[in-house]
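The structure appears below as structure tokens.
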Amino acid sequence: DSYRAPAKRACSPNICMHWVTRTTDAPPSRAWVSTTMDVMKQVWAREVGAMNYRRPLRDGHRGGDGRLDVYLKDVGVQGLFGYCATERRSQTSKWKASGYCVLDDDFARSQFGAPPRVSLKATAAHEFFHEIQFALDFGEDAWWMEATATWMEEQVFDGANDNRRYIPFGQIGVPNTPLDEFQDIGSAQYGNWPFFEYLSRHFGREVVRGAWQAAAAVGDDRRLYSLEAIEAALPAGTFPQVFGSYVAANTQPAAFYPEGSEWKPAPPARTHVLTSARRDEVATFRSIDHLASRTVLVVPGDGLGDPGTQLDVSVDGPVLKRSPVASVVVHNVDGNVVIRPIPLDAQGDGSITIPFDRRARVTLADASTRFRCWQGTAYSCRGVSRDDAQSFTYTLTAH
């Protein structure tokens with residue numbers, strides 16, 4: 001992209017704004033330029049200042065001097081909100097770089113379907129986080145770069161909520177899609193920002209920064225890729241249990257996320273209605289891929305559901321080294337919703353007994369992070385999972 005007219009420039013201590021006063025790229029007014037600058041300054045203060053992320057690298061004299069350059073242009077006509085691009089490699093690491101950003105010139109509601117300031121805030125918070133990523137390791141896994149940048153929108157401008165538009169395309173809307181899938185045509189990577197919201201709610205938002213710090217290149221050594229870095233930031237050995245609880249929470253987001261009542265829950269793959277005449281069900285999911293899940297809704301029917309009715313849930317999953325996880329979301333009589341993990345032994349077998357006076361959700365997940373890396377895919381480490389297409393058999397018995 002470029003301008004077809006001479007550009008103007010105005011700078012703050014960290015940012016330089018560029019715009020034109022004619023052609024279709026011209027913003028609606030000088031006041032909008034000032035608004036954009038004010039929003040970018042808020043984003044910098046929040047992400048670099050309050051949240052203590054690495055500041056973007058300086059770019060020498062590109063754009064006039066070493067400050068971050070932000071260009072206003074009508075990219076909405078291309079279907080874009082904005083973007084940031086790498087620009088100049090660091091002299092100390094081939095995996096770190098400065099960059100520049102391009103934001104739409106007006107974020108017109110006619111193009112973006114939202115108030116202009118809302119679209120501006122969400123885009124600025126998202127795209128600036130890419131600048132931070134470029135200063136850590138611009139070659140990181142694309143799904144992680146986009147999911148954490150979309151999560152950052154929530155951390156900087158909580159009320160914007162533009163990122164809700166992507167939730168139906170991530171694991172809450174499509175739970176059988178791997179967490180680390182990147183779609184060239186699609187939005188799964190943007191829709192998976194609730195995973196990082198879940199982590200930050202349970203371990204503090206510093207866990208995301210810790211993961212990015214673990215992945216930051218040191219010299220020409222790229223260190224950890226996305227999933228390795230996330231595992232390193234969590235308590236040792238807990239990733240499978242954390243992932244299992246996360247996908248279970250997605251089936252009842254109103255109970256587990258501050259704004260979850262505004263989200264449509266993850267849909268069940270199957271529903272079983274048990275009755276006094278049919279108290280048992282046995283079924284199998286034959287192909288659950290890595291970092292994906294299936295949920296079964298179990299409902300008490302005729303003759304069941306009285307206080308004292310119980311449900312036995314038994315699982316026959318893959319061997320434990322393949323990281324199977326299973327859990328049940330239970331609605332207690334006091335109105336609380338809780339996640340009950342199903343302990344699995346070395347063979348992937350386990351069971352649990354829960355009250356069955358109301359419906360329950362059984363979630364089965366493949367939490368494997370084992371990969372053959374650098375196979376040219378769009379998954380973590382460009383790899384192929386060692387544990388796709390796993391089979392789970394479950395047995396439901398009411399008594």
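Predicted model only: the values in this text are computed from it and were never measured.
- Ring to ring, Phe392 and Phe285 are not that close: their centroids are 6.0 angstrom or more apart.
- No continuous path of hydrophobic side-chain contacts links Val156 to Val118 [ILVMFWY only; heavy atoms under 4.5 Å].
- Under a hydrophobic clustering in which Ile, Leu, Val, Met, Phe, Trp and Tyr are joined whenever their side-chain heavy atoms come within less than 4.5 Å, directly or via other members, Trp143 and Val207 fall into the same cluster.
- Looking at heavy atoms from C-beta onward, Arg88 lies in side-chain contact with Gln91 at the 4.5 angstrom threshold.
- In this structure, the separation between OG1 on Thr148 and CG on Leu199 is 11.5 Å, given to the nearest 0.5 Å.
- Ring geometry, His290 versus Phe371: the interplanar angle exceeds 60°, so the pair is classed perpendicular (tilted spans 30 to 60°).
- Contact check on Arg164 versus Glu259 returns a salt bridge, with a Lys/Arg side-chain nitrogen under 4.0 Å from an Asp/Glu carboxylate oxygen.
- Going from atom NZ of Lys8 over to atom CG of Leu72 covers 13.5 Å, rounded to the nearest 0.5 Å.
- Evaluated for a side-chain hydrogen bond (donor to acceptor under 3.5 Å, both in side chains) with Gln155, the options Glu47, Glu197, Arg46 yield exactly one hit, Glu197.
- Under the 30°/60° scheme for interplanar angles, the aromatic rings of Phe112 and Phe81 are found to be tilted.
- Here the straight-line distance linking atom CD of Gln111 with atom CG of Asp74 works out to 5.0 Å at 0.5 Å rounding.
- Distance check, rounded to the nearest 0.5 Å: CH2 of Trp151 to CG of Asn192 gives 15.0 Å.
- Taking the side chain as every heavy atom from C-beta outward, Asp1 and Gln78 approach each other to under 4.5 Å.
- Geometrically, Arg382 does not engage Trp374 in a cation-pi contact defined by less than 6.0 Å to the ring centre and at most 45° from the axis.
- At distances below 3.5 Å, not a single donor-acceptor pair connects side-chain atoms of Glu154 with backbone N or O atoms of Met152.
- Screening Leu227, Asp289, Asp387, Asp388 for a side-chain contact (heavy atoms from CB on, under 4.5 Å) involving Ser368 leaves a single residue, Asp387.
- Between the side chain of Ser119 and the main chain of Pro116, no donor-acceptor pair closer than 3.5 Å is present.
- No option in Asp162, Asn161, Asn163 other than Asp162 meets the side-chain hydrogen bond (donor to acceptor under 3.5 Å, both in side chains) test with Arg165.
- By the 30° and 60° cut-offs, the orientation of the rings of Phe243 relative to Tyr246 is tilted.
- Salt bridge annotation for Arg67-Asp65: present, with a cationic side-chain nitrogen under 4.0 angstrom from a carboxylate oxygen.
- Looking at heavy atoms from C-beta onward, Asp312 lies in side-chain contact with His399 at the 4.5 angstrom threshold.
- Note on ring orientation: taking the six-membered ring where Trp is involved, the planes of Tyr394 and His272 are perpendicular (angle over 60°, cut-offs 30° and 60°).
- Cluster annotation: Val242 and Leu344 are assigned to distinct hydrophobic clusters (Ile/Leu/Val/Met/Phe/Trp/Tyr, side-chain heavy-atom contacts under 4.5 Å, transitive).
- Below 30°, between 30° and 60°, or above 60°: for Trp44 and Phe128 the angle between ring planes is between 30° and 60°, a tilted geometry.
- At least one side-chain heavy atom of Phe107 sits less than 4.5 Å from a side-chain heavy atom of Thr123.
- Ion pairing of Lys73 with Asp25 is present here, as a side-chain N (NZ or NE/NH1/NH2) and a carboxylate O approach within less than 4.0 Å.
- Of the possible polar contacts, none joining the Thr275 side chain to the Asp302 backbone as a donor-acceptor pair under 3.5 Å is found.
- Applying the 6.0 Å contact sphere to CZ of Arg270 captures more than 12 heavy atoms from other residues, nucleotides or ligands.
- Under the 6.0 Å cut-off for aromatic ring centres, Trp263 and Trp193 qualify, their centroids lying closer than that.
- Atoms CD and CG, from Gln310 and Leu304 in turn, are 12.0 Å apart once rounded to the nearest 0.5 Å.
- Judged purely by distance below 3.5 Å, without hydrogens or angles, the side chains of Tyr379 and Glu181 pair a donor atom with an acceptor atom.
- Exactly one of Leu179, Val174, Asp180 qualifies for a side-chain contact (heavy atoms from CB on, under 4.5 Å) with Thr177. That residue is Val174.
- In this structure, Glu131 contributes its side chain and Tyr100 its backbone to a donor-acceptor pair below 3.5 Å.
- In the hydrophobic cluster analysis, where Ile, Leu, Val, Met, Phe, Trp and Tyr join through side-chain heavy atoms closer than 4.5 angstrom, Val337 is grouped apart from Val328.
- By the rule that hydrophobic residues join a cluster once side-chain heavy atoms approach within less than 4.5 Å of another member, Phe256 and Ile342 end up as members of separate clusters.
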* To do: Decide yes or no on salt bridge (Lys or Arg N to Asp or Glu O under 4.0 Å) for Arg222 and Asp137, but give the supporting numbers first.
  => CA-CA 7 Å; Arg222 296 189 60 202; Asp137 178 359; 3.3 Å; yes
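- In summary, the aromatic rings of Trp144 and Trp212 are positioned with their centroids under 6.0 Å apart.
- The side-chain heavy atoms of Gln252 and Ile339, taken from C-beta on, include no pair separated by under 4.5 Å.
- The side-chain heavy atoms of Arg55 and Asn14, taken from C-beta on, include a pair separated by under 4.5 Å.
- Using a 4.5 Å cut-off on side-chain heavy atoms (C-beta onward), Leu274 and Phe356 make contact.
- With a 4.5 Å cut-off on side-chain heavy atoms, Cys101 and Tyr71 do not count as touching.
- Gln390 contributes atom CD, which lies 11.0 Å from atom CG of Leu364 (distance to the nearest 0.5 angstrom).
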